[in-house]
Colleague: 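Before anything else, here's the structure in question.
What's counted below: heavy atoms across the whole structure, side chains too, no hydrogens, waters or symmetry copies. Numbered from 1 within each chain, the chains take letters A, B, ... in sequence-line order.
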Protein chains: 2
Amino acid sequence: MTERVYNFYPGPATLPLEVLEEAQKELLNFHNTGMSVLEISHRGKDYEAVHNETESLFKELLKAPDDYRVLFMGGGASTQFALVALNFLTQGTEADYIVTGSFAQKAQEEAARIGKANIAATTKDDNFNRLPEKGEIKLSKAPVYIHMTSNNTIYGTQWQEIPTFDGIPLIADVSSDILSRPFDVSKFGLIYAGAQKNLGPAGVTLVLISPDMLAKANKNLPVIFQYGTFAKNDSLYNTPPAFAIYLINLVLKWIKRNGGLDAMAKRNQEKAGYIYDAIDNSDGFYQGHARKECRSLMNVTFRLPNEELENAFVAEAKKANLIGIKGHRSVGGMRASIYNAMPMEGCKCLAELMKDFAKKNG
Amino acid sequence: MTERVYNFYPGPATLPLEVLEEAQKELLNFHNTGMSVLEISHRGKDYEAVHNETESLFKELLKAPDDYRVLFMGGGASTQFALVALNFLTQGTEADYIVTGSFAQKAQEEAARIGKANIAATTKDDNFNRLPEKGEIKLSKAPVYIHMTSNNTIYGTQWQEIPTFDGIPLIADVSSDILSRPFDVSKFGLIYAGAQKNLGPAGVTLVLISPDMLAKANKNLPVIFQYGTFAKNDSLYNTPPAFAIYLINLVLKWIKRNGGLDAMAKRNQEKAGYIYDAIDNSDGFYQGHARKECRSLMNVTFRLPNEELENAFVAEAKKANLIGIKGHRSVGGMRASIYNAMPMEGCKCLAELMKDFAKKNG
């Protein structure tokens, strides 16, 4: 039996070992019910307690305004791309998209199948190695919302400060950095996060929505596509992905136990710092993809001098039990995804390997 | 620590103990990868093997035609209610719905928000205690499909023989009896099953679709709502609910190991037989809700002489570790959901309790 490895995959991603151990321990008998959490009714009090606690913990950790609602919805960000547009981009309106990566672009393309979805800014010409300056963002006359992506998994960029636009609701895909740092959700009309990076396993999305947006959401849609359906029924209109929500519950408790978002941010700074330092102190052997001022604390992207060395690096990393660091084909090179659950030690090991490898091959 | 109970909930429902034990054993380290199956990349070979094997096993068990495709989609039946209509009930067409229960009705209502969805037959006036005779089904002139529900969880009815209609594609919600008996899927253009009754945990739906239907599916929809997107990308366009699919994989292997669908059907006959016999031999103490010729092998519904006795029965059952037998409020009384994974012993225990209880209170 192999020991646990350091898993740098971009998502589904590593989970806290304590969370997995807890889930394992009670997998056959949840809270003394004689049933697995995989088997209990979503209408029973045992599940309901998990469901409600997960909602409250999520709001508590984010310091979300009291009147915001948490929704648990199936699918991931790709489903939200369509639902956001269906619910808000109704006929005769338009919305603006800030395109800072592949998924931001997919969000805009999906919305454009539904209504008028403008590109307010894109950094595609720079292969998304940066975020636009505020001056580069060209809004349309009266967008019903502005859509942005807080962190770009593939390119390794992350907004350091969230831009705001007077009176226009901001909607964000926060899948890849949710709960990794304090985040002023009151600036947003709606945020959504597929769970499989910072929250839990694939198959559920957390949505946080303001009362204003909820009031505006389209009521002339199939019932299952309306945000209103989920709000009105506390996400129990249909059977929720209960096990995924249960795991999120354990992850949220783990975050709280470990100091909440301030502590996460500090730890994530330190973790990413090891790897960025290894890049910056390599005399150019490693080249970061993202511009320094746009660097993500969640996904660190970098290249080596050539593909041969990159393949050798992946092989060395694997020998050292560092798995999943090959970059996305649209950037090439390496990508280390270091979400909340990646231990400090994993980042240190990777940074050490980078230094050794550069010394031997530089 | 309570021992495992017999869980008669309608879904999420009991899973085979062996499956849970296997999942528990490898929860921290899947197939010697050093990662949990909850954490592995959906683009990596370890997950891909599970994904592909699950597809093949599902088709093998159902003896599905080679050219049918298996799709893994998020959500459950409620999501399919909308997707079926969006993909096939395009402008200027109409579809016919056979309404045999609450979910069949919800399917029709959701479709009616999207296009022209006729009710070809309904047994609502009999509180869905039976299925319509073929002569009662009034088709419209040229329906693009006929939608039916193979088993009605709430009312405890199940089609014994599937009606067919020359040249009109049949679509079925088979969530509550999939893989419980041999089932000629070649009669269907499309079937779908939310996993949480007979297949695995909540959060994923298996769709089986014929090449004809796939060719007809609407391509002018948001990408994420198109059956074509899932077929073209082998259900990997977006991140699939990987853990749920992995559990289905284990359940399918368990079914195969235990003799496949013929053996399941035989076992399910015997299991349901114990309970139906207890009803039929009670001198009218227990009243079955479903008419005899429409009885489901998956959900057995019955009433006691009055509500006081019903409450007493639920309490007695709980003492005997028989959980979740209270019926749905629209039928009242009791409902024993006895999907594939319910052990024979659970049904015997319930039948014994029924006999004792009737003797004491009859």
Colleague: Going through the checks in order, is the side chain to side chain contact (heavy atoms under 4.5 Å, CB included) test met by B:Phe225 and A:Leu86?
Modeller: CA-CA 12 Å; B:Phe225 297 154; A:Leu86 284 171; 3.5 Å; yes
Colleague: Hey, which of B:Ser78, B:Pro201, B:Ala195, B:Ala82 has the most heavy atom pairs under 4.5 Å with chain A?
Modeller: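 Top option by heavy-atom pairs under 4.5 Å: B:Ser78.
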Colleague: Distance from A:Phe243 atom CZ to B:Gln196 atom CD, nearest 0.5 Å?
Modeller: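 Those atoms lie 15.0 Å apart.
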Colleague: Given a strict heavy-atom distance threshold of 4.5 Å, which part of B:Leu247 is in contact with chain A: side chain, backbone, both, or neither?
Modeller: side chain
Colleague: Please rank A:Ala341, A:Ala23, A:Gly194, A:Ala202 by heavy-atom pairs under 4.5 Å with chain B and give me the top one.
Modeller: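 The answer is A:Ala202.
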Colleague: Got a sec, which residues hit ring pair (Phe, Tyr, Trp, His ring centres under 6.0 Å) with A:Phe88, two or more places apart in sequence or on another chain?
Modeller: A:Tyr227
Colleague: Count the heavy-atom pairs under 4.5 Å between each of A:Met35, A:Glu21, A:Arg43 and chain B, then report the option with the highest count.
Modeller: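 Answer, by heavy-atom pair count under 4.5 Å with chain B: A:Met35.
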Colleague: If the condition is side-chain hydrogen bond (donor to acceptor under 3.5 Å, both in side chains), which residues does A:Glu18 pass it with, not counting sequence neighbours?
Modeller: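 Testing A:Glu18 for side-chain hydrogen bond (donor to acceptor under 3.5 Å, both in side chains), a comparison that skips the adjacent residues, returns A:Arg257.
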Colleague: Checking A:Arg4 side chain against B:Asn29 main chain: does a donor-acceptor pair fall under 3.5 Å?
Modeller: no
Colleague: Less than 4.5 Å to any heavy atom of chain B: does that hold for the side chain of A:Leu221, its backbone, both, or neither?
Modeller: backbone
Colleague: Using a cut-off of under 4.5 Å on heavy-atom pairs, state which of A:Gly76, A:Ser36, A:Gly75 scores highest against chain B.
Modeller: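 That would be A:Ser36.
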Colleague: Give a yes or no answer on whether the side chain of B:Arg113 reaches the backbone of A:Asn220 with a donor-acceptor pair at less than 3.5 Å.
Modeller: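 Pair absent, no side-chain N/O of B:Arg113 close to backbone of A:Asn220.
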Colleague: Does NZ in B:Lys326 sit with more than 12 non-hydrogen atoms of other residues, nucleotides or ligands closer than 6.0 Å?
Modeller: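 Atom NZ in B:Lys326 is not packed in, count stays at 12 or less.
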Colleague: Should A:Glu39 and B:Leu20 be marked as a side chain to side chain contact (heavy atoms under 4.5 Å, CB included) after you check the CA-CA gap, both sets of side-chain angles, and the distance that decides it?
Modeller: CA-CA 10 Å; A:Glu39 303 170 304; B:Leu20 290 172; 3.5 Å; yes
Colleague: Using non-hydrogen atoms and a 4.5 Å limit, figure out which bit of B:Leu83 sits close to chain A: side chain, backbone, both or neither.
Modeller: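 For B:Leu83, side-chain heavy atoms alone lie under 4.5 Å from chain A.
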Colleague: A quick test of your reading: do over 12 heavy atoms of other residues, nucleotides or ligands sit less than 6.0 Å from CZ of B:Phe103?
Modeller: no
Colleague: How would you list, by chain and number, every residue that makes a salt bridge (charged side-chain N to carboxylate O under 4.0 Å, His left out) with B:Glu110, sequence neighbours excluded?
Modeller: none
Colleague: Between B:Pro222, B:Gly203, B:Gly74, who has the most heavy-atom pairs with chain A when the cutoff is under 4.5 Å?
Modeller: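 Looking at each option in turn, the highest pair count goes to B:Pro222.
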Colleague: Does anything in residues 7-16 of chain B reach chain A? List residues with heavy atoms under 4.5 Å apart, or say none.
Modeller: B:Asn7, B:Tyr9, B:Gly11, B:Pro12, B:Ala13, B:Thr14, B:Leu15
Colleague: When heavy-atom pairs shorter than 4.5 Å are enumerated against chain B, which of A:Thr239, A:Leu27, A:Asn238, A:Val223 gives the highest number?
Modeller: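 Top count of heavy-atom pairs under 4.5 Å with chain B: A:Val223.
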Colleague: Name the region of A:Ile114, side chain, backbone, both or neither, that has any atom closer than 4.5 Å to a heavy atom of chain B.
Modeller: side chain
Colleague: Is A:Lys219 atom NZ crowded by more than 12 heavy atoms from other residues, nucleotides or ligands, each under 6.0 Å away?
Modeller: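 Yes - once you tally the heavy atoms of other residues, nucleotides and ligands closer than 6.0 Å, there are more than 12.
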